[in-house]
Amino acid sequence: MNWKKLFGSAAAWALCFMANAVSEKIMSVAECDALMAARSEKADNAGLVWFNADEAPLELTGFFWYPQDKVFRRLPMEMDPAVTPAVRNLSWHTAGGKLRFRTDSQKVVLRIKLRNKNIMPHMAVTGSSGFDLYTGSPGKEVYFNTTKSMAQNYDCTLFQHIRKEMRTMTINFPLYQGVNSLQIGLEKGSKLLPPEPLKKYVAVYGTSITQGGCAARPGMAWTNIVSRRMKRHFYNYGFSGNGKGEPVMAKLLGTLEPAMYILAFQSNAGRNYLPALKNFIPILRAAHPETPIVVLSTFFRPRSNEKSTLDLAKKQQKIIEDFRKAGDKNIYFLDGSASMDPYRYEATVDGTHPTDLGFMLQANFIQKFIEPLLADKE
């Protein structure tokens with residue numbers, strides 16, 4: 001815009017500018033940048049201001065189709081007719097969901113409404129239905145607290161501290177439970193900022209073990225452990241008892257744009273596993289010719305036949321070698337047989353599902369393999 005022309009002359013423009021400068025309101029940083037502002041809404045009787053989980057600048061992840069469906073769900077609603085009732089039900093389980101933000105509030109309260117009461121005899125309710133909190137910047141998160149309640153709807157003070165300072169908060173959603181709504185209560189006058197950005201996400205498809213059964217709390221599922229260490233989100237598509245490698249799931253996963261796919265569905269597919277694997281990979285490849293794909297075989301079980309476990313791992317390895325010989329240099333096989341050694345007999349709750357010890361061992365094993373692969377691609 002020609003300011004001189006607008007005001008008629010340079011002198012007139014200067015006089016007008018000075019007059020405006022004298023009378024113009026001095027704006028605070030908060031008025032210039034809304035993200036730097038303290039929350040001004042009316043607080044409740046406890047002095048808390050409440051935010052919905054999808055409200056900026058909170059970062060909600062793990063639910064790729066949330067923008068269109070507005071529900072905490074791991075599959076899109078429009079896909080329901082194409083999948084089994086079990087997969088539809090399990091898609092409501094919020095494994096891999098996270099809420100991240102920065103705040104200087106000395107108190108953080110969750111207002112939780114769960115879909116139902118999902119109590120299992122072999123998994124702690126804190127893992128199946130609880131939320132847990134980590135504080136710290138990416139790569140430096142440390143565990144702080146877990147919600148502990150048998151109720152379906154409740155409030156929980158997840159964080160309270162004597163020091164007022166900016167902290168990055170990462171809240172992990174339940175592993176085996178649906179969530180109808182989640183709100184965050186912060187002290188009136190506290191700041192709320194977006195979290196530090198993370199690297200491009202990894203998508204993991206698998207079974208109950210991928211979903212997190214039977215971690216004692218959400219942050220101890222191996223996908224969440226590795227997510228913290230590698231500073232990137234892990235989108236969790238583990239479907240307990242129902243990770244069977246159907247073509248429709250390969251097509252759905254192909255609509256994502258991850259840095260890597262990890263396929264770990266051996267345990268649920270039974271005798272159909274090898275042909276399902278052979279069909280699953282080309283569907284992903286048609287959508288993403290260059291994205292790394294890692295096929296992870298299962299670990300030794302106390303009641304399993306060690307020879308059959310090794311034999312099936314060799315057959316998987318042969319399939320991957322054939323893909324590589326055919327020109328696919330971005331597909332890899334990770335033999336998970338010994339992924340929980342040296343504590344394979346002490347690291348499960350029931351001979352199949354890992355405890356926190358088992359998940360930590362798996363996380364160590366998997367991270368060591370995938371981290372260099374991702375580094376080479378970035």
Side-chain angles (χ1 to χ4, degrees), residues 59-64 72-75 90-91 93-100 123 126-128 130-134 138-139 141 143 146 170-177 179 198-243 249 253 256 258-268 291-299 334 336 339-340 347-348 352-371 373-374:
E59 180 192 80
L60 176 67
T61 58
F63 313 109
F64 192 80
F72 303 124
R73 199 171 190 262
R74 295 182 293 151
L75 297 181
L90 291 164
S91 71
H93 293 184
T94 55
K98 287 186 175 64
L99 193 67
R100 300 176 63 239
M123 185 171 182
T126 48
S128 64
F131 294 77
D132 68 5
L133 169 68
Y134 283 74
E141 298 99 329
Y143 168 73
T146 308
T170 300
I171 297 171
N172 295 300
F173 276 65
L175 299 170
Y176 270 76
Q177 174 63 276
V179 178
L198 299 183
K199 300 175 185 177
K200 194 174 184 181
Y201 66 91
V202 171
V204 188
Y205 174 67
T207 66
S208 56
I209 295 165
T210 299
Q211 189 173 333
C214 291
R217 52 183 178 81
M220 290 309 295
W222 78 258
T223 52
N224 284 338
I225 296 171
V226 181
S227 171
R228 290 192 297 277
R229 293 175 178 175
M230 295 182 62
K231 306 178 189 178
R232 61 174 80 233
H233 293 296
F234 275 59
Y235 276 62
N236 190 313
Y237 297 100
F239 296 95
S240 188
N242 288 271
M249 294 304 303
L253 292 175
L256 306 177
M260 172 183 283
Y261 289 103
I262 300 177
L263 307 180
F265 63 92
Q266 173 187 333
S267 298
N268 286 171
T291 303
I293 298 174
V294 174
V295 174
L296 171 65
S297 68
T298 194
F299 51 86
L334 176 56
S339 60
M340 295 206 299
T348 71
T352 297
H353 299 97
T355 59
D356 290 359
L357 170 61
F359 278 125
M360 187 66 76
L361 293 168
Q362 280 200 311
N364 295 342
F365 183 86
I366 295 167
Q367 180 185 356
K368 184 177 180 180
F369 186 84
I370 68 172
E371 196 163 29
L373 297 180
L374 286 165

Subject >> Spacing of S339 atom OG and K368 atom NZ [to the nearest 0.5 Å] >> reply: 13.0 Å
Original post:
Hey, does the side chain of E59 reach the backbone of R100 with a donor-acceptor pair shorter than 3.5 angstrom?
Top reply: no
Original post:
Is any side-chain heavy atom of T348 closer than 4.5 Å to a side-chain heavy atom of M340?
Top reply: yes
**OP:** Would you check if Q177 and T94 make a side-chain contact, meaning some heavy-atom pair closer than 4.5 Å?
**Re:** no
**OP:** Search all heavy atoms of T291 against all heavy atoms of P258 and return the closest pair with its distance.
**Re:** CG2-O, 3.7 Å
**OP:** Can you measure from CG (N268) to OG1 (T207) and round to the nearest 0.5 angstrom?
**Re:** 5.0 Å
Original post:
Nearest 0.5 Å, what's the CD-CE distance between E371 and M230?
Top reply: 4.5 Å
Original post:
For the residue pair I225 and G219, what are the closest heavy atoms and their distance?
Top reply: CG1-O, 3.5 Å
**OP:** Determine, using ring centers only, whether F173 and F63 are less than 6.0 Å apart.
**Re:** yes
Original post:
Below 4.5 Å, heavy atoms only, C-beta onward: do L133 and I171 meet side chain to side chain?
Top reply: yes
Original post:
Any side-chain heavy atom of S227 sitting closer than 4.5 Å to one from K98?
Top reply: yes
**OP:** Working to the nearest 0.5 Å, report the span between OG1 of T223 and CZ of R228.
**Re:** 9.5 Å
Original post:
Which heavy atom of R232 sits nearest a heavy atom of A259, and at what distance?
Top reply: NH1-CB, 3.7 Å
Original post:
Does any non-hydrogen side-chain atom of Y261 lie less than 4.5 Å from one of P292?
Top reply: no
**OP:** Please round to the nearest 0.5 Å and tell me the distance separating atom NE2 of H353 and atom OG of S240.
**Re:** 5.5 Å
Subject >> Expected output: side-chain N236 to main-chain G62 donor-acceptor under 3.5 Å >> reply: no
Original post:
Are any side-chain N or O atoms of E141 and backbone N or O atoms of G139, one a donor and one an acceptor, separated by less than 3.5 Å?
Top reply: yes
Subject >> Smallest separation among heavy atoms of P354 and F359, with atom names >> reply: O-CE1, 3.5 Å
Original post:
Tell me the ring pair (Phe, Tyr, Trp, His ring centres under 6.0 Å) pairs involving residues 201-242, sequence neighbours left out?
Top reply: Y201-Y235, Y205-F265, Y205-F280
Subject >> L175 vs P218 side-chain heavy atoms within contact, under 4.5 Å >> reply: yes
Original post:
Quick one: does N172's side chain get under 4.5 Å of R217's, heavy atoms only?
Top reply: no
Original post:
Atom NE2 in H93, atom CZ in R74: separation rounded to 0.5 Å?
Top reply: 8.0 Å
Original post:
If we only count heavy atoms from C-beta on, is the I209 to Q362 side-chain gap below 4.5 Å?
Top reply: yes
Original post:
What are the two closest heavy atoms between K231 and L198, and how far apart are they?
Top reply: O-CB, 3.4 Å
Original post:
Has the side chain of S297 got a donor or acceptor atom that lies under 3.5 Å from a matching backbone atom of G336?
Top reply: yes
**OP:** Quick one: list whatever passes side-chain contact (heavy atoms from CB on, under 4.5 Å) with A216, sequence neighbours left out.
**Re:** D356
Subject >> Minimum-distance pair of heavy atoms, taken over all atoms of M123 and G212 >> reply: CE-O, 3.6 Å
